[in-house]
Q: 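Dumping the structure here so I can ask a few things about it.
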Amino acid sequence: MDAKTDVKSATLTVGNKNYDFPIISGTVGPDVMDIGKLYAQTGMFTYDPGFTSTGSCQSKITYIDGDAGILEYRGYPIEQLAEKGDFLETCYLLLYGELPTAAQKKDFDQRVIHHTMVHEQMARFFQGFRRDAHPMAVMVASVGALAAFYHDSTDINDPQQRMIASMRMIAKIPTLAAMAYKYTIGQPFVYPKNSLSFAENFLNMCFAVPCEDYKINPVLADALDKIFILHADHEQNASTLDGAHRRLLGRQSVRLYRGRHCLPVGTGPWRRQRGGAGDAGRHRHGRQDS
């Protein structure tokens, strides 16, 4: 959230020397002591390996307090977004900073829905992986491969290209995820359908087969849409360094579609030292549909 430096300051005493540091107050959440000049003034660093008492940046997008059960996107409580909106509306909010009008929502939905297909050569790309390759490893590679097909939207310094790439990733990542899943279980890929909602489309691509019609459970589709809303922006709590990793990549102006840049949330919880949350979610998703 927006942070403003007020007249308050904090005094750090080391031995017989005192050092003053400004206190920054955000729109929500606890105040923060700005220690940017700590090393220059004292010759010391702080030690906080878990970032348990450290704010690494200012954010106008997401505020999260896990202990208090608070999650807000652009100031809107997650409960309101999940109850009254859908995932694509939340995507619009995160991208543009405000909720869409009815006309803007319709236009945004159409732009996403009509870009869910991926290049047909991506199917051949998947054939280069072992059948027992982990789906998240396949995802990192396939998202990175998008740069080979979309040369018109790889410049992170161009706002228009960033938005085009954002729209493409929102639209195509579910398709790639479903393809990765289908490949590991030895089933043919299922093309997206423009007549389905975002969540319905993902379920259909994951679980439909050519030999029979797949009936989408509306309860599961609604639950999946709410899960998408909940994880629409992962803030920087995937791990101590995943958030810092993304910020460093952004500052280095890396090319868009870089798999590890786009999917730190997916790949971080996959690893066992992160608790394996992504893996657990993947297996749970499969059990719920069965």
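Below, each value reflects all heavy atoms present in this structure, side chains not excepted, and no hydrogens, waters or symmetry copies.
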Q: Checking T175 side chain against T116 main chain: does a donor-acceptor pair fall under 3.5 Å?
A: yes
Q: Roughly how far, to the nearest 0.5 Å, is CE of M205 from CG of L196?
A: 9.0 Å
Q: Would you call D152 and Q161 a side-chain contact if the rule is heavy atoms closer than 4.5 Å?
A: no
Q: Any donor and acceptor pair, going by atom type alone, linking the side chain of R74 with main-chain N or O of I61 inside 3.5 Å?
A: no
Q: Output the distance between atom CD (Q41) and atom CD1 (I35), rounded to the nearest 0.5 Å.
A: 11.0 Å
Q: State, without any angle test, whether T52 and D48 hold a side-chain donor-acceptor pair at a distance under 3.5 Å.
A: yes
Q: In this structure, would I216 and F207 fall into the same cluster of hydrophobic residues linked by side-chain contacts under 4.5 Å?
A: yes
Q: Run the ring pair (Phe, Tyr, Trp, His ring centres under 6.0 Å) test against F149 and tell me which residues pass, sequence neighbours left out.
A: H119
Q: Could you check K226 against D222 for side-chain contact (heavy atoms from CB on, under 4.5 Å), going step by step and ending with a plain yes or no?
A: CA-CA 6 Å; K226 288 178 169 51; D222 182 64; 3.0 Å; yes
Q: Please name the pair of heavy atoms, one in Y150 and one in M117, separated by the smallest distance, quoted to 0.1 Å.
A: OH-O, 4.4 Å
Q: Side chains of T184 and R131, heavy atoms from C-beta outward: is any pair under 4.5 Å?
A: no
Q: Before you tell me yes or no, could you show the steps for D225 and S197 under side-chain contact (heavy atoms from CB on, under 4.5 Å), namely the whole-Å CA-CA distance, both residues' side-chain angles and the distance that decides it to 0.1 Å?
A: CA-CA 9 Å; D225 191 76; S197 71; over 6 Å; no
Q: Which distance, rounded to the nearest 0.5 Å, do you find between the NE2 of H115 and the CE of M169?
A: 14.0 Å
Q: So, using ring pair (Phe, Tyr, Trp, His ring centres under 6.0 Å) as the criterion, who are the partners of Y47 when residues are at least two apart?
A: none
Q: Would a hydrophobic clustering, with Ile, Leu, Val, Met, Phe, Trp and Tyr connected at side-chain separations under 4.5 Å, put L146 with I113?
A: no
Q: Should M179 and S142 count as side-chain neighbours, where that means a heavy-atom distance under 4.5 Å?
A: no
Q: Are V190 and L176 linked, directly or through intermediate hydrophobic residues, by side-chain heavy-atom contacts shorter than 4.5 Å (ILVMFWY only)?
A: no
Q: Counting distance only, does the side-chain N/O of R162 pair as donor-acceptor with the main-chain N or O of D155 below 3.5 Å?
A: no
Q: Identify the two heavy atoms, one from A171 and one from V112, that lie closest to each other, and give their separation to 0.1 Å.
A: CB-O, 3.3 Å
Q: Within the structure provided, determine whether I170 and L95 are in side-chain contact (heavy-atom separation under 4.5 Å).
A: yes
Q: Quick one: closest heavy-atom pair of I229 and D86, and the distance?
A: CD1-C, 3.6 Å
Q: Any side-chain to backbone donor/acceptor pair from D34 onto I23? Under 3.5 Å, distance only.
A: no
Q: Check whether any side-chain heavy atom of I173 sits under 4.5 Å from a side-chain heavy atom of M139, and report yes or no.
A: yes
Q: Contact between F108 and L88 at the side-chain level, heavy atoms closer than 4.5 Å - yes or no?
A: yes
Q: Which of parallel (below 30°), tilted (30 to 60°) and perpendicular (above 60°) describes F125 and F129?
A: perpendicular
Q: When clusters are formed by joining ILVMFWY residues with side-chain heavy atoms under 4.5 Å apart, either directly or through shared neighbours, do Y191 and Y183 land in the same one?
A: no
Q: Quick one: salt bridge (Lys or Arg N to Asp or Glu O under 4.0 Å) pairs with a partner in residues 108-124, sequence neighbours left out?
A: K105-D109, D107-R111
Q: Check whether Y76 reaches the backbone of L99 with its side chain - one donor and one acceptor, N or O, closer than 3.5 Å.
A: no
Q: Write down the atom of K182, the atom of V209, and the distance for their closest heavy-atom approach.
A: NZ-CG1, 4.0 Å
Q: Atom CZ in R168, atom CE in M163: separation rounded to 0.5 Å?
A: 13.5 Å
Q: After noting the C-alpha distance and the side-chain angles of Y73 and Y63, does the key distance pass the ring pair (Phe, Tyr, Trp, His ring centres under 6.0 Å) rule?
A: CA-CA 7 Å; Y73 295 150; Y63 173 73; over 10 Å; no
Q: Take a 6.0 Å sphere around OH of Y39 and say whether it holds more than 12 heavy atoms from other residues, nucleotides or ligands.
A: no
Q: For K37 and D20: C-alpha separation, side-chain torsions, deciding distance, then whether salt bridge (charged side-chain N to carboxylate O under 4.0 Å, His left out) applies.
A: CA-CA 10 Å; K37 297 181 179 180; D20 292 329; over 6 Å; no
Q: Is there side-chain contact between V138 and V140, with heavy atoms separated by less than 4.5 Å?
A: no
Q: At what distance, to the nearest 0.5 angstrom, does CG of D233 lie from OG1 of T62?
A: 3.0 Å
Q: Is there a donor-acceptor contact under 3.5 Å linking the side chains of T13 and N18?
A: yes
Q: Mind checking whether Q104 and Y96 have side chains closer than 4.5 Å, heavy atoms only?
A: no
Q: Please assess L38 against L12 for the test side-chain contact (heavy atoms from CB on, under 4.5 Å), listing each intermediate value before the final yes or no.
A: CA-CA 10 Å; L38 177 68; L12 173 66; 3.8 Å; yes
Q: If you count the non-hydrogen atoms of other residues, nucleotides and ligands that lie under 6.0 Å from OH in Y19, is the total more than 12?
A: yes
Q: Tell me the closest heavy-atom pair linking C206 and Y181, and the distance in Å.
A: O-CE2, 3.4 Å
Q: Angle between ring planes, F87 versus F198, binned at 30° and 60°: parallel, tilted or perpendicular?
A: tilted
Q: Where do S25 and D31 come nearest, in terms of heavy atoms and distance?
A: OG-OD1, 3.0 Å
Q: Would you compute the distance between atom NE2 of H231 and atom CG of L71 and round it to the nearest 0.5 angstrom?
A: 9.5 Å
